[in-house]
Amino acid sequence: MEDVLDLYEEPYDPLYPTVCFDERSCQLLDHTRPPLPVEPGRPARVDYEYKRNGTCNLFAFFEPHRGWRHIKVTQQRTKLDVAECLRELVEEHYPDAKRIRVVLDNLNVHKLWTLYERYPAEQARRIASRLEFHHTPIHASWLNMVEIEFSALVRQCLQRRMPNTDILSREIAAWEAARNAAQVKPDWRFTSRDARTKLARHYPNH
């Protein structure tokens with residue numbers, strides 16, 4: 001826990017960025033009846049019945065110091081999908097960074113070996129050498145700031161029905177672009193010093 005919290009307190013360095021990473025599932029829903037549009041003095045009306053069109057997965061990258069985020073929509077979440085996300089992080093999003101410090105939870109596929117499952121050893125090693133993983137404690141995924149972005153995404157973008165991944169991707173891309181343009185950053189105040197007080201039961205000698 002303190003390893004992650006101390007990382008958040010470090011000053012911003014574009015050569016050693018801190019990027020939070022996680023994923024979540026998203027349900028695809030369609031209308032069974034066309035919604036009634038807005039009229040003077042009457043809001044839009046949506047029938048309570050809906051049609052399930054399956055699920056997809058959302059991978060999220062978030063750099064809190066810079067106020068940058070990126071959401072990638074995929075059909076599923078496998079070790080190969082995670083490996084592709086790590087490759088994109090290194091080769092496309094941060095090609096000039098010397099080392100990327102990645103904050104992530106303890107999911108079994110959040111490991112560097114996934115790179116070797118997907119890419120030749122030379123390429124996998126080249127990507128892995130520029131990544132530095134910082135795992136949150138078990139049952140403490142709230143320490144990952146990307147959870148704040150997921151919460152904002154759900155409240156600001158995903159509260160309406162999305163029937164397919166094409167529409168979902170467009171809506172998320174628009175939300176992402178606006179939020180990145182505003183460089184929205186989290187108001188994070190929880191530090192290691194706070195942890196030693198509020199979580200004193202975990203510090204028997206403190």
Side-chain angles (χ1 to χ4, degrees), residues 1-26 56-74 77 81-107 109-112 114-115 127-128 130-159 162 165 168-192 194-195:
M1 175 182 63
E2 291 195 4
D3 173 61
V4 172
L5 294 176
D6 290 347
L7 193 64
Y8 290 158
E9 287 197 80
E10 290 186 9
Y12 174 60
D13 186 343
L15 296 180
Y16 296 90
T18 296
V19 179
C20 302
F21 174 75
D22 203 3
E23 64 279 307
R24 61 164 289 159
S25 62
C26 181
C56 63
N57 180 73
L58 307 179
F59 285 107
F61 307 95
F62 178 49
E63 187 185 351
H65 289 106
R66 187 160 61 101
W68 172 87
R69 74 276 298 140
H70 174 61
I71 309 295
K72 180 179 180 179
V73 181
T74 61
R77 181 201 66 189
D81 295 308
V82 172
E84 175 61 12
C85 284
L86 296 177
R87 185 202 64 77
E88 291 180 4
L89 185 65
V90 170
E91 298 183 351
E92 298 179 17
H93 299 305
Y94 292 91
D96 300 322
K98 292 184 178 180
R99 186 173 292 271
I100 306 165
R101 285 90 62 84
V102 184
V103 177
L104 65 179
D105 62 27
N106 290 275
L107 190 68
V109 292
H110 287 174
K111 308 293 182 183
L112 292 176
T114 60
L115 293 167
I127 297 170
R130 293 180 54 206
L131 294 171
E132 179 183 297
F133 282 0
H134 295 258
H135 290 95
T136 58
I138 297 175
H139 306 306
S141 60
W142 58 271
L143 287 169
N144 192 336
M145 286 195 199
V146 77
E147 297 296 338
I148 299 173
E149 286 303 298
F150 270 138
S151 177
L153 175 65
V154 170
R155 288 183 285 104
Q156 299 172 6
C157 183
L158 303 183
Q159 293 284 22
M162 308 282 186
T165 55
L168 177 66
S169 297
R170 290 200 300 269
E171 293 293 323
I172 289 179
W175 173 87
E176 175 187 308
R179 203 161 169 86
N180 281 341
Q183 294 185 322
V184 179
K185 302 176 183 179
D187 183 19
W188 186 270
R189 303 181 184 183
F190 192 65
T191 66
S192 295
D194 297 324

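In this structure, Leu15 places its CG atom where more than 12 heavy-atom neighbours from other residues, nucleotides or ligands lie under 6.0 Å away.
Counting only distance, with no hydrogens or angles, the side chain of Asp22 and the backbone of Ala60 share no donor-acceptor pair below 3.5 Å. Side chain of Ser169 to backbone of Thr165: a donor-acceptor contact under 3.5 angstrom is found.
Remark: Thr18 OG1 to Arg66 CZ distance equals 12.0 Å, nearest 0.5 Å. Considering NE2 of His65 and OH of Tyr8, their distance stands at 9.5 Å, rounded to 0.5 Å.
Residues Ser192 and Asp6 have side chains that bring a donor and an acceptor to within less than 3.5 angstrom of each other. With no hydrogens or angles considered, a side-chain donor-acceptor pair links Glu132 and His134 at under 3.5 Å. No side-chain donor-acceptor contact under 3.5 Å links Glu10 and Tyr16.
The salt bridge (charged side-chain N to carboxylate O under 4.0 Å, His left out) test applied to Glu91 returns Arg87, not counting sequence neighbours.
The shortest heavy-atom contact between Trp68 and Phe61 is CZ3-CB, 3.8 Å.
Of the candidates Leu58, Asn144, Leu158, Phe150 forms a side-chain contact (heavy atoms from CB on, under 4.5 Å) with just one, namely Leu58.
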_Applying side chain to side chain contact (heavy atoms under 4.5 Å, CB included) to Thr191 and Leu5, what does each step give before you reach the verdict?_
CA-CA 6 Å; Thr191 66; Leu5 294 176; 5.7 Å; no
*Derivation and outcome, side chain to side chain contact (heavy atoms under 4.5 Å, CB included), residues Glu23 and Thr74*: CA-CA 10 Å; Glu23 64 279 307; Thr74 61; over 6 Å; no
